[in-house]
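Written below as structure tokens is the structure these notes are about.
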Amino acid sequence: MQHPLAKRIIVSFATSMCALFLAACASAAPKVAQSPFDYYRIGEIAAKTPGKVRPGLMLLGGGDWPYAAFHWLFDRAGNGHIVVLRASYGDENQREIFDKIGGVTSVETLVFHDRKASFDPKVLAVITHADGIWIAGGDQSNYVNFWKGTPVQDALNRHVASGKPLGGTSAGLAVQGRYVYGAMDGGSLTSKEALADSRARAVTIVEDFLRLEPLYSAGVLTDTHFNQRDRQVRLMTMMAQVRERHPARPLLGIGIDEQTALCIDGDGQGVVFSDNGGHAWLFRIGHSSLQKNGPLRADDWQVTLAGRGSRIDTRDWRVAHPDFTTTASIRDGRLEYAPPLQP
């Protein structure tokens with residue numbers, strides 16, 4: 001009769017050997033390459049677009065979605081076919097658009113995993129089919145790495161140039177300006193870091209990406225999650241770097257708060273939607289001096305806060321009925337407003 005202890009030792013040994021064998025088989029098995037993109041769809045893809053498609057840009061600062069702004073966007077897409085572009089997650093945006101917001105005929109989602117996807121005819125056919133495009137949040141460096149210099153970049157520019165609407169939130173807002181904070185170092189620059197070194201390598205500005213009018217001709221640099229993450233100094237530092245590179249070009253900084261969207265129609269008229277009293281902040285550069293291992297020195301920058309009752313004419317980017325106007329300066333490493341911003 002076998003001793004119970006010996007029996008347990010034999011069982012344990014056999015189990016261990018089995019686990020080692022399975023692990024060896026797994027490591028020896030060929031790895032299945034990930035597809036360069038994932039594709040999802042919902043709704044009637046082949047149906048006729050119900051309404052008229054018109055131009056429009058939607059700049060959402062991040063956070064929860066103000067649904068009224070999406071109805072504005074979908075109306076300009078003729079309540080037709082929306083394509084969601086992203087580089088992470090799955091069909092979450094698609095389901096929220098179709099099931100919760102409504103007012104569209106179909107939604108298709110492309111999730112990019114690789115630059116190769118941007119050369120795939122199937123991807124380009126989906127983008128071409130879109131009445132409206134929505135660029136999701138995430139990491140904008142993925143969009144730059146996957147799309148810049150590819151047919152997808154060309155397709156997005158053609159989409160807007162042909163009079164079709166486009167919107168985006170967070171990373172999807174960051175890439176809409178002529179100048180893009182690309183987060184190319186793998187991080188997310190903070191105002192504190194910008195104050196420590198206004199010439200920091202983390203200030204990664206990308207050019208020659210999307211040409212979305214009227215943002216491109218105005219030299220817009222966007223920023224996201226703006227007031228919630230105290231990104232005013234970050235935006236000012238990035239603008240100062242752009243000004244140093246291109247002293248003669250137009251330049252305008254636009255920071256958008258969370259749950260807040262700036263929507264610009266085909267006539268260049270902008271309105272603000274917000275579920276939390278947020279703003280679109282417009283920064284016009286004043287005197288500035290970049291320092292190595294030190295903060296930006298800035299004086300007399302014009303700052304205008306546009307709210308839900310404001311109107312923005314993008315022919316000159318003047319704001320009718322602003323919630324607040326002031327000037328901003330950075331002195332001795334501190335951001336100051338004159339007069340101080342109201343709570």
Side-chain angles (χ1 to χ4, degrees), residues 42-43 49-86 91-107 109 130-137 159-160 163-176 212 214-215 220 222-228 254-282 304-314 317 319-324:
I42 191 170
T49 300
K52 181 180 179 181
V53 177
R54 297 172 290 158
L57 292 177
M58 177 176 163
L59 291 74
L60 177 57
D64 292 339
W65 290 359
Y67 282 5
F70 279 84
H71 288 300
W72 180 97
L73 181 71
F74 299 160
D75 177 65
R76 276 150 186 79
N79 301 108
H81 305 285
I82 304 299
V83 169
V84 176
L85 305 179
R86 60 189 317 167
D91 65 344
E92 296 88 350
N93 282 183
Q94 173 177 295
R95 287 186 276 110
E96 184 165 3
I97 288 171
F98 195 83
D99 295 333
K100 294 184 179 181
I101 304 176
V104 297
T105 305
S106 75
V107 188
T109 297
D131 295 315
I133 289 175
W134 178 251
I135 306 177
H159 174 91
V160 173
K164 296 179 180 181
L166 177 147
T169 184
S170 192
L173 161 61
V175 297
Q176 291 189 48
L212 311 183
L215 305 180
V220 167
T222 65
D223 210 346
T224 64
H225 303 275
F226 198 64
N227 199 42
Q228 288 78 7
I254 300 180
I256 310 291
D257 291 338
E258 292 181 359
Q259 300 182 50
T260 302
L262 170 60
C263 295
I264 303 170
D265 65 22
D267 295 324
Q269 301 304 302
V271 295
V272 175
F273 295 88
S274 182
D275 284 347
N276 64 352
H279 294 93
W281 301 55
L282 277 64
T304 306
L305 278 67
R308 285 178 292 185
S310 306
R311 295 293 181 271
I312 301 174
D313 187 338
T314 64
W317 291 92
V319 180
H321 312 295
D323 279 7
F324 204 81

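Taking the six-membered ring for Trp and thresholds of 30 and 60 degrees, Trp65 and Phe70 have nearly parallel ring planes, at less than 30 degrees apart.
Partner Val107 forms a side chain to side chain contact (heavy atoms under 4.5 Å, CB included) with one of Ile42, Asp91, Asn93 and no other, that one being Ile42.
Between Phe74 and Gly103, the shortest heavy-atom contact is CB-O, 4.1 Å. Summarising the geometry of Trp72 relative to Gly56, their closest heavy-atom pair is CH2-CA, 3.8 Å, with the distance given to 0.1 Å. The minimum heavy-atom distance linking Gly307 with Asp323 is given by the pair CA-OD2, 3.6 Å. In this structure, Ala77 and Val53 approach most closely via the heavy-atom pair O-CG2, 3.8 Å. Nearest heavy atoms, Leu305 versus Ser310: O-OG, 4.4 Å. Contact between Leu60 and Pro66 at its shortest, heavy atoms only, is CD1-CD, 3.5 Å.
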Just distance, no hydrogens or angles: give the donor-acceptor pairs under 3.5 Å from side chains in residues 254-272, sequence neighbours left out.
| from | atom 1 | to | atom 2 | distance (Å) |
| --- | --- | --- | --- | --- |
| Asp257 | OD1 | Asn227 | N | 2.9 |
| Asp257 | OD1 | Trp281 | NE1 | 3.2 |
| Asp257 | OD2 | His279 | N | 2.9 |
| Asp257 | OD2 | Trp281 | NE1 | 3.3 |
| Glu258 | OE2 | His225 | ND1 | 2.8 |
| Thr260 | OG1 | Glu258 | O | 3.0 |
| Thr260 | OG1 | Ser274 | OG | 2.9 |
| Thr260 | OG1 | Asn276 | OD1 | 3.4 |
| Asp265 | OD1 | Asp267 | N | 2.9 |
| Asp265 | OD1 | Gly268 | N | 3.1 |
| Asp265 | OD1 | Gln269 | N | 2.9 |
| Gln269 | NE2 | Asp313 | OD1 | 3.3 |

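Note: Thr224 OG1 to Leu59 CG = 11.0 Å, rounded to the nearest 0.5 Å. To the nearest 0.5 Å, the span separating OG1 on Thr304 from CZ on Phe324 amounts to 10.5 Å. Here the CD1-CE distance, from Ile133 to Met58, works out to 14.5 Å after rounding to the nearest 0.5 Å.
With sequence neighbours excluded, the residues forming a side chain to side chain contact (heavy atoms under 4.5 Å, CB included) with Ser106 are Ile45, His81, listed by chain and number. With sequence neighbours excluded, no residue forms a ring-ring contact (aromatic ring centres under 6.0 Å, His included) with Trp317.
Contact of the Ile135 side chain with the Val175 side chain is registered, since non-hydrogen atoms from C-beta on lie closer than 4.5 Å. Under the 4.5 Å side-chain criterion, counting only non-hydrogen atoms from C-beta, Trp134 is not in contact with Gln94. Asp75 is listed as a side-chain neighbour of Arg54, based on a closest heavy-atom distance under 4.5 Å.
A donor-acceptor pair under 3.5 Å is absent between the side-chain atoms of Thr169 and the main chain of Gly61, judged by distance alone.
Checked by atom type, the side-chain pair Gln176/Thr222 shows no donor-acceptor distance below 3.5 Å.
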